[in-house]
Amino acid sequence: MEIKAISPQSMTMQNIATKETIPELIIEEVSKNYKLLHRHRLTKENIHIGRDYHNDVILADPHICPSHLSIEFIDGKWKIIDHQTVNGTFIENVKHKKHAANQYIIQDGDIITLGKSQLRMVFNNHQVSPTLAFSPFESFIDLMRHPIALFLSILLFTIVAGGVFYFNKPTEVNFSQLLVPAIGMTLGFTIWPAGVSLVSHLSKHDARVMTQLGVSFAFFNLMWFSDILETIVTFNSASNAILPMIIMLISIALAFSLFWLNSYIGFHMSARRRIIIAASITGLLFGGSYLVRYSNKPEFNPRPQYDATIMMPNFLVAPSSSVDSFIEDSSKLFDKTSKEAQKK
């Protein structure tokens, strides 16, 4: 029997040839909303995943075992081997139902759940989605998050808030007495964009605090303008005029647009879900207030509220008439009525 010696060079060439037959496996750590968190690109026969530091993919999830699972390349396919873990390993199918993933043959795009973490398995020939063009909102968003634009928006909001406090005060006040409530109101309105940024950060998305603040205060100023416009239109219109209702709808549309943009900036979700969330928050915000405002009120209110808002004659769209001209016009009406009565 003839025994042939194998040189170290031939062994190295065999190992290289063996490695070339193993395809690359891309393992992506994704959030519950399938947002990419980390990506690992591996070319090994055995890939180990767990909390221990000897693993190829190390996960910090406390619900994952130290040596949770391994992915082995067997007979030209990737197979999942669960190491009898405490919480198990599951594969998510097309209908988003989960079943045990032990001995499962991986397909391109499969999502594996282990503990409270998710891994997406992607082959190197995976078809990527088409390139997205910048939306029309991106230019507006980039402008509003600029520090100068953000400072001007907040400053304008504070000035308008101070003016509102001034007009609603029945007594004369000085500048310092207006400054404190105006700044307090500005800080109060800051809570909304800051809260959205916090929720976005906690859900493993980008907080984008400056962007949320810039967009929110830009729409807050537009809402100030629509509110002032509604007051002027109401002052110049009859009680049953339809124009104030149209202005009110503009305010609702602005609020919906703000909540839609907050969701667009802070979260990765479908367009349908974004519309539902924005419409729900808008309905909660305006529904109760307008229901009380336009509901049937009793003729006698035992607790009347004082309205200190006094509109100056300058807010009249049509010029007012003097007392003499009003009396003269009224007399003409009576004369016309008397002539009609005499004809009959």
Side-chain angles (χ1 to χ4, degrees), residues 28-39 118 120 128-164 179 181-229 249-286 289:
E28 297 179 340
E29 299 178 41
V30 295
S31 64
K32 295 296 182 181
N33 295 325
Y34 307 115
K35 179 194 175 184
L36 178 64
L37 303 177
H38 301 286
R39 181 180 284 125
Q118 287 185 326
R120 180 166 49 208
V128 298
S129 58
T131 304
L132 294 176
F134 284 114
S135 67
F137 306 106
E138 292 296 333
S139 300
F140 172 74
I141 291 172
D142 291 338
L143 175 63
M144 289 299 101
R145 72 180 179 183
H146 194 277
I148 297 177
L150 176 59
F151 173 76
L152 292 176
S153 296
I154 295 177
L155 180 63
L156 178 61
F157 181 90
T158 307
I159 293 174
V160 176
V164 171
L179 186 62
I183 294 178
M185 190 173 186
T186 304
L187 293 176
F189 272 76
T190 307
I191 295 175
W192 169 253
V196 174
S197 300
L198 178 61
V199 174
S200 177
H201 175 71
L202 294 177
S203 58
K204 298 182 180 180
H205 295 81
D206 296 332
R208 304 183 69 179
V209 180
M210 295 286 288
T211 306
Q212 293 285 6
L213 285 172
V215 170
S216 296
F217 273 95
F219 273 87
F220 291 159
N221 289 326
L222 290 175
M223 290 177 186
W224 275 131
F225 176 75
S226 66
D227 186 57
I228 295 172
L229 184 62
L249 292 176
I250 294 176
S251 301
I252 296 175
L254 287 173
F256 174 83
S257 301
L258 169 62
F259 300 140
W260 189 93
L261 277 174
N262 289 141
S263 302
Y264 175 82
I265 295 168
F267 307 98
H268 295 275
M269 60 179 65
S270 62
R272 180 181 178 185
R273 179 177 295 182
R274 192 180 299 120
I275 291 174
I276 292 174
I277 292 176
S280 300
I281 300 176
T282 305
L284 290 174
L285 180 63
F286 286 89
S289 60

Y34 side chain to E28 side chain, donor-acceptor N/O pair below 3.5 angstrom: no

Step-by-step side-chain contact (heavy atoms from CB on, under 4.5 Å) determination, V160 to F220: CA-CA 10 Å; V160 176; F220 291 159; over 6 Å; no

Considering all heavy atoms, the nearest A207-S197 contact: O-OG, 3.4 Å

Gap separating the OG atom of S257 from the CG atom of N262, nearest 0.5 angstrom: 11.0 Å

Residue pair V30 / L37, side-chain heavy-atom distance below 4.5 Å: no

F219 and F140 aromatic ring geometry - parallel, tilted or perpendicular at 30°/60° bounds: perpendicular

Flag, side chain of S200 to backbone of D206, donor-acceptor distance under 3.5 Å: yes

Nearest-0.5 Å distance that lies between atom CD1 in I154 and atom CG in L187: 9.0 Å

Atom of R208, atom of I265 and distance for their closest heavy-atom approach: NH1-O, 3.6 Å

Over all atoms of both residues, closest heavy-atom pair of F256 and I275: CE1-O, 3.7 Å

From S216 atom OG to L150 atom CG, the distance as rounded to the nearest 0.5 Å: 10.0 Å

Side chain Q118, main chain E29, donor-acceptor under 3.5 Å: no

Shortest non-hydrogen separation from A161 to M185 and the atoms involved: CB-SD, 3.9 Å

Atom pair CZ/CD1 of F259 and I277 - distance to nearest 0.5 Å: 12.0 Å

Side chain N221, main chain F217, donor-acceptor under 3.5 Å: yes

Test salt bridge (Lys or Arg N to Asp or Glu O under 4.0 Å) applied to D142 - qualifying residues, sequence neighbours left out: R145

Heavy-atom closest pair, residues T158 and A182: O-CB, 3.6 Å

Parallel, tilted or perpendicular: rings of F189 and W224 (30°, 60°): tilted

Minimum-distance pair of heavy atoms, taken over all atoms of S226 and S251: OG-OG, 3.1 Å

Pairwise distance CG(D227) to CG(L222) - rounded to 0.5 angstrom: 12.5 Å

M144 CE to I141 CD1 distance, which is reported to the nearest 0.5 Å: 10.5 Å

